[in-house]
Amino acid sequence: MPRYLKKAIAAAEIEAVDAKVRQTVETIIAEVRKGGDAAVRQLSAKLDQWSPENFKLSRGEVDGIVASLSRETLDDIQFAQAQIRRFAECQKAALRDIEVETLPGVRLGHRNIPVGNVGCYVPGGRYPMVASAHMSILTAKVAGVGRVIACTPPIGGKPYAETIAAMALAGADEIYVLGGVQAIAAMALGTETIPAVDMLVGPGNAYVAEAKRQLFGLVGIDLLAGPTEILVVADDSADLEMVATDLLGQSEHGPTSPAVLVTTSEKMAEALPAEMERQLAILPTADVARLAWRDYGQIILVSNLAEAAEEVDKLAFEHVEILTSEPRYFLDRLRNYGALFLGPETNVAYGDKVIGTNHILPTRRAARYTGGLWVGKFMKTVTYQECTPEASVVIGDYCSRLCAIEHFWGHKEQADIRLRRYGGRKVGLRAASGGSKS
C-alpha cells in the first residue's frame, strides 16, 4: 500500500475556492454578454488597469514590436516554433481521410476538416507565457484553421513584446492585448469589434479555465487546463537535487500548482523536504513555489515500480517525469498522463518551451479521458455515406424492420419509400393507403 509522507490540503478547502471562482466568472461573462465592448473595456480597466484606444494591434504596431527585439530573441523564438511545427506536421500526417466500400454499393468515409475560427489565449500575469503562442496559434495554423485570433494581457501597462512577436511569427490573424475572463468571454460571445470564434484554446489560471468550462457548448474548447501539475517518479538511482529542482520548477507557476513525488526509495522520500527547503532559500520565485509545495505538495512512498505505476495512473497528472534506471518500463505501462518525460536527460521545462510536444495539457485528472492539445483537436472528423439503388434496397430492408422494433414509424417510412422507389416493393404507410409514387 502507498504511504503518504506528505499530503496536500483537504479537498473541501479546494472546493470552497472553486465555488468563489465560479461565481466571479459567471458575473464577468454575464457582463460581457450584456455590454459587449463597453463591458470588456470597463473590466479591463478595473482588473488590468488597461484601456487603450484599441485592444487590437495594427499591423504597424505588431511590426514595430517585433523589430524592437534582439536578433537572438527572435532566433530563439523561431527555433522553438520550428520544433513545434515539425512535430505538429508529423501528427497531422498521421490523420487521413478514408473511403471504403463496406458492402457492394455502400460507400462510407470520413474527412478531417479544420475548425473555421479559433481563439487562442496566451497567459500573462506573473509570467509572460510566450511559449503558449507557439503551442496554440502555430498548431492551429498547421491544422489548417482559417482564422486564428489571439489574446494576451498587458504586462507592466503595455504589450509584452516577446509574446506579441511569438504570436505574429506563429501566424495569428488578429492580436488583441486583452486578458482574463473578459478576453475569453469576448472571443466566445463576440462583441462589436471582436467577431466570435468557434473554439477556444490555451492555458490559464483557475478563472480562465472556469470561463472555458462555462462557455463550452456555445464554443468548443481544447480542454480545461487549470493550474499546472508535476509528478516525479524516482527510484534509488535518481538525483535528489534534480528531483527537487524539477518539482519546484512547476511549483513556481502558482500557489495552487500540485507537485508530487512517487518513490520506491525511503531514503529519497525522507531527504526531499530538507532539499526542497535548501533550494527554496535561493529560488527567486520562492514566494510562490513555497506556498504551492506547502499546500499542494505530496510525497508518496511505494513498495515497487508496479505500485508506482498504479499510483501514477490513479493521480492522472499533467506532467509525469520518470527518473528511474529503466524509464521505458513506464512508457509501456502508464495510461493516464498529459505528457511523459523519460529519463533525467529531459524535463518538463523542455516540453513547456521548446522540444516540440505541446504544453497545453489536461489537469485535475482529465488525463483519464483526454490527451493534450494537438493538430487533431482543431480537426472535425466527419462522416459521409453513399449508396447505389441496389444497395439502398439491401440496407432499407434491414432498416425498415429495425425501425419497427423501436416504434419509429417516421424513420421506418424513410426506408420504405426507398424500397418502393428502388426495389418496387409495396411497403410502408403510403403503400398501405394507396399514396402517390410521384
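Atoms considered below: every heavy atom in the structure, side chains included; atoms not considered: hydrogens, waters and symmetry mates. FYI, the numbering just counts along the sequence from 1.
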Given H359 and E318, is the side-chain contact (heavy atoms from CB on, under 4.5 Å) satisfied, shown in steps?
-> CA-CA 9 Å; H359 80 194; E318 176 189 18; over 6 Å; no

Can D18 and R364 be said to form a salt bridge (Lys or Arg N to Asp or Glu O under 4.0 Å), step by step?
-> CA-CA 12 Å; D18 288 349; R364 291 191 162 190; 3.1 Å; yes

Yes or no on side chain to side chain donor-acceptor pair (under 3.5 Å) for E229 and S257, after CA distance, side-chain angles and deciding distance?
-> CA-CA 6 Å; E229 306 163 341; S257 294; over 6 Å; no

Go through the steps for K92 and E89 under the test salt bridge (Lys or Arg N to Asp or Glu O under 4.0 Å), then give the verdict.
-> CA-CA 5 Å; K92 187 180 180 184; E89 288 172 346; over 6 Å; no

Start with the C-alpha gap between T73 and E162, add the side-chain angles, then the distance that decides, and say whether side chain to side chain donor-acceptor pair (under 3.5 Å) holds.
-> CA-CA 8 Å; T73 295; E162 288 84 348; 5.2 Å; no

Stepwise salt bridge (Lys or Arg N to Asp or Glu O under 4.0 Å) test for R147 and E174 | CA-CA 8 Å; R147 172 178 172 253; E174 302 163 29; 2.8 Å; yes

Can you list the steps and then say if D235 with S265 is a side chain to side chain donor-acceptor pair (under 3.5 Å)?
-> CA-CA 5 Å; D235 62 11; S265 168; over 6 Å; no

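Within 6.0 Å of the CD atom in E192, the count of heavy atoms belonging to other residues, nucleotides or ligands exceeds 12. Annotation for Y4: atom OH counts as buried by contact number, over 12 foreign heavy atoms lying within 6.0 Å. The local environment of CZ in R71 is crowded, with over 12 non-hydrogen atoms from other residues, nucleotides or ligands closer than 6.0 Å. No more than 12 heavy atoms of other residues, nucleotides or ligands shown are found within 6.0 angstrom of CZ on R111. E72 CD: 12 or fewer foreign heavy atoms inside a 6.0 Å radius.
Under the 30°/60° scheme for interplanar angles, the aromatic rings of H407 and W409 are found to lie parallel. The aromatic rings of Y127 and H253 lie perpendicular to each other, with more than 60° between the two planes, well past the 30° mark.
Between N117 and D198, the side chains place a donor N or O and an acceptor N or O closer than 3.5 Å (distance only, hydrogens not considered).
The closest donor-acceptor contact from the side chain of D48 to the backbone of W50 lies at 3.5 Å or more, if one exists at all. One N or O on the side chain of Q83 and one on the backbone of F79 form a donor-acceptor pair closer than 3.5 Å.
Here the closest non-hydrogen pair linking A165 and I77 is CB-CD1, 4.5 Å.
Going from atom CG of D246 over to atom CG of N347 covers 5.5 Å, rounded to the nearest 0.5 Å. A distance of 7.0 Å separates CG of D287 from OG1 of T285, quoted to the nearest 0.5 Å. The distance from the CG atom of N112 to the CE atom of M379 is 5.0 Å, given to the nearest 0.5 Å.
The side-chain tip of R333 points at the ring of Y329 from less than 6.0 angstrom away and within 45° of straight on.
The residues R278 and E241 are annotated as salt-bridged, a charged nitrogen and a carboxylate oxygen being separated by less than 4.0 angstrom.
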